[in-house]
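For reference, the structure discussed in these notes is given below.
FYI, the numbering just counts along the sequence from 1. All values derive from a computational prediction rather than experimental measurement. Keep in mind that the numbers below use all heavy atoms, side chains included, and drop hydrogens, waters and symmetry copies.
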Amino acid sequence: MLQGPSEKILAIGPYGAGKSYAWLSVAQWAQRTGSDAQFYVLSTDDATSRATSSQEFGQLRNLHDYPCFVWPDFKQASAEIKAVIRPQDWLVVDLLDPAWEAVQAYFVEQVFNENIEDYFLQARKETKSAKGNMKALDGWKDWSVINRLYKAWVNPLLLQTKANIYATAKVEQVSSDTDDKETRLLFGPYGVKPKGQKETGNLFHSILLFNYPKAGEYYLTTIRDRQRTVFEKLPLTNFVTQYLVKVGGWHM
């Protein structure tokens with residue numbers, strides 16, 4: 001039976017780097033070894049549905065998929081999952097960064113009664129006008145409210161849920177001009193950071209960078225971990241045995 005210490009993993013990397021494949025392989029190993037662990041997935045793209053329709057993962061019976069596209073989806077899915085999830089289960093957020101985009105869109109719709117695309121288009125037009133001053137954005141003071149909305153959802157979900165947690169996020173370039181010192185120190189050596197709310201990395205024990213420099217080659221790099229062996233471009237063939245078992249102390 002696949003079991004081990006509680007995990008709180010953030011997997012970052014570009015599309016196709018193996019982030020989703022890794023947690024799906026954990027679900028597969030759990031089922032194969034007779035574990036009763038269930039995997040509750042907040043999915044923001046079609047990765048889960050595509051995987052479960054494939055030959056490799058089509059037989060998984062321990063997945064519970066919650067598609068999330070707008071902010072109320074995230075809140076409802078989280079409430080439903082928190083009501084049933086157990087310590088041996090896994091909470092998967094695949095991908096996490098669209099939640100940050102969704103809460104911004106929700107805020108604009110609720111406060112300004114506009115969709116976010118029209119809102120920012122109009123704001124941009126105002127900056128080109130001699131009289132325009134982007135009053136709606138008010139110097140981006142709205143971010144404090146948006147951050148509170150987001151943290152009221154993400155902090156209880158990721159910090160208070162008693163279960164294994166695995167989240168994925170896309171990456172964007174680290175900026176020496178706009179990123180704070182903490183972000184530059186942690187992610188600067190790797191050139192990329194998780195896309196989304198700037199404090200995302202603080203919510204996880206383990207931050208792993210997935211990458212594929214060439215087709216068919218997958219690598220795992222440790223950005224941060226808790227008193228565990230770290231990797232620098234480890235050729236990745238099996239996330240369960242190479243990371244959970246060898247590094248995390250899990251056993252089957």
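With hydrogens and angles ignored, the 3.5 Å screen pairs no side-chain donor or acceptor of Thr200 with any backbone N or O of Gly196. Between the side chain of Tyr212 and the main chain of Tyr15, a donor-acceptor pair closer than 3.5 Å is present. Gln38 places a side-chain N or O within donor-acceptor distance of the main-chain N or O of Asp36, the cut-off being under 3.5 Å. Within the 3.5 Å criterion, the main-chain N or O of Ser206 finds no donor-acceptor partner in the side chain of Asp225.
In this structure, Lys151 NZ and Leu158 CG are separated by 13.0 Å, a value rounded to the nearest 0.5 Å. Residue Arg224 holds its CZ atom at 9.0 Å from CG of Leu10, rounded to the nearest 0.5 Å. Note that CG of Leu244 is 12.5 Å distant from CD of Gln3, once rounded to the nearest 0.5 Å. Residue Asn164 holds its CG atom at 8.0 Å from CD1 of Ile9, rounded to the nearest 0.5 Å. Between atom NZ of residue Lys198 and atom CD of residue Glu182 there is a gap of 9.5 Å, rounded to the nearest 0.5 Å. Separating the CH2 atom in Trp71 from the CD atom in Gln104 is a distance of 10.5 Å, to the nearest 0.5 Å.
The side-chain heavy atoms of Leu203 and Val154, taken from C-beta on, include a pair separated by under 4.5 Å. Counting heavy atoms from C-beta outward, Thr222 and Phe231 have side chains that approach closer than 4.5 Å. At a threshold of 4.5 Å between non-hydrogen side-chain atoms, the residues Val92 and Tyr40 do not count as touching. Two residues are said to be in side-chain contact when any heavy atoms from C-beta on lie closer than 4.5 Å; Leu234 and Thr221 fail this criterion. Pro5 is listed as a side-chain neighbour of Trp250, based on a closest heavy-atom distance under 4.5 Å. Taking 4.5 Å as the limit, some side-chain heavy atom of Leu42 sits within range of a side-chain heavy atom of Leu91. Using a 4.5 Å heavy-atom cutoff, the side chains of Leu208 and Ile12 are not in contact. Within the 4.5 Å cutoff, side-chain heavy atoms of Leu186 are placed close to those of Ile223.
Nearest heavy atoms, Thr183 versus Lys193: CG2-CD, 3.9 Å. When all heavy atoms of Asn62 and Ala30 are compared, the closest pair comes out as ND2-CB, 4.2 Å. Here the closest heavy-atom approach between residue Gln242 and residue Val247 is recorded as O-CG2, 3.5 Å. Nearest heavy atoms, Asp89 versus Ala163: O-CB, 3.5 Å. Residues Pro67 and Asp73 share a closest heavy-atom pair of O-CB, 4.1 Å. Shortest non-hydrogen contact noted between Leu95 and Lys19 is CD2-CE, 4.2 Å.
A donor atom on one side chain and an acceptor atom on the other are not found under 3.5 Å apart for Glu7 and His205. A donor and an acceptor atom, one from each side chain of Asp65 and Ser43, are located under 3.5 Å apart.
Around CD of Glu217, the count of heavy atoms belonging to other residues, nucleotides or ligands within 6.0 Å exceeds 12. By the 6.0 Å contact criterion, CZ on Arg226 is enclosed, its count of non-hydrogen atoms from other residues, nucleotides or ligands being greater than 12. More than 12 heavy-atom neighbours from other residues, nucleotides or ligands sit within 6.0 angstrom of CD on Glu56. Within a 6.0 Å sphere centred on NZ of Lys82, heavy atoms belonging to other residues, nucleotides or ligands number more than 12. No more than 12 heavy atoms of other residues, nucleotides or ligands lie within 6.0 Å of CD in Gln76, so this atom counts as exposed by the packing criterion. No more than 12 heavy atoms of other residues, nucleotides or ligands sit less than 6.0 Å from atom NZ of Lys75. Within a 6.0 Å radius of CZ in Arg61, no more than 12 heavy atoms belonging to other residues, nucleotides or ligands are found.
Using the six-membered ring where Trp is involved, Trp23 and Phe39 have ring planes that are parallel, under 30° apart on the 30 and 60° scheme. Ring planes of Tyr166 and Phe239: perpendicular class, angle over 60° (limits at 30 and 60°). Classified by interplanar angle (parallel below 30°, tilted 30° to 60°, perpendicular above 60°), the ring pair Tyr150/Trp153 is tilted.
Cluster annotation: Phe74 and Val145 are assigned to the same hydrophobic cluster (Ile/Leu/Val/Met/Phe/Trp/Tyr, side-chain heavy-atom contacts under 4.5 Å, transitive). Hydrophobic clustering (ILVMFWY, side-chain heavy atoms < 4.5 Å, transitive): Leu185 and Ile207 are in distinct clusters. Hydrophobic clustering, with ILVMFWY side chains joined whenever heavy atoms are under 4.5 angstrom apart, keeps Val192 apart from Tyr219. Hydrophobic clustering of Ile, Leu, Val, Met, Phe, Trp and Tyr side chains at less than 4.5 Å, counting indirect connections, keeps Phe187 apart from Val230.
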Practice task
Go through the steps for Arg184 and Asp179 under the test salt bridge (charged side-chain N to carboxylate O under 4.0 Å, His left out), then give the verdict.
Solution key: CA-CA 6 Å; Arg184 296 196 307 271; Asp179 285 321; over 6 Å; no
Problem - Verdict with supporting geometry, Val26 and Trp90, side-chain contact (heavy atoms from CB on, under 4.5 Å) - result: CA-CA 10 Å; Val26 178; Trp90 287 74; 3.8 Å; yes
Practice task
Please step through side-chain contact (heavy atoms from CB on, under 4.5 Å) for the pair Leu236 and Phe210, ending with a clear verdict.
Solution key: CA-CA 9 Å; Leu236 183 63; Phe210 289 69; 3.6 Å; yes
Exercise for the section: Please report the C-alpha distance between Leu159 and Lys8 in whole Å, then the side-chain angles of each, then the deciding distance to 0.1 Å, and finally whether the side-chain contact (heavy atoms from CB on, under 4.5 Å) criterion is met. Expected result: CA-CA 9 Å; Leu159 299 179; Lys8 190 173 289 185; 4.1 Å; yes
Exercise for the section: Evaluate the salt bridge (charged side-chain N to carboxylate O under 4.0 Å, His left out) criterion for residues Arg50 and Asp45: first the C-alpha distance (whole Å), next the side-chain angles of each, then the deciding distance (0.1 Å), finally the verdict. Expected result: CA-CA 10 Å; Arg50 282 188 288 109; Asp45 60 13; 5.2 Å; no
Problem - Ser144/Asn147 under side chain to side chain donor-acceptor pair (under 3.5 Å): CA gap, chis, key distance, verdict - result: CA-CA 5 Å; Ser144 62; Asn147 268 298; over 6 Å; no
Handout entry: Residues Ser35, Gln88; criterion side-chain contact (heavy atoms from CB on, under 4.5 Å); working and verdict
Key = CA-CA 9 Å; Ser35 171; Gln88 68 267 36; 5.9 Å; no
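Ring to ring, Phe57 and Tyr21 are close: their centroids are under 6.0 angstrom apart. For Trp143 and Trp100, the gap between ring centers is short of 6.0 Å.
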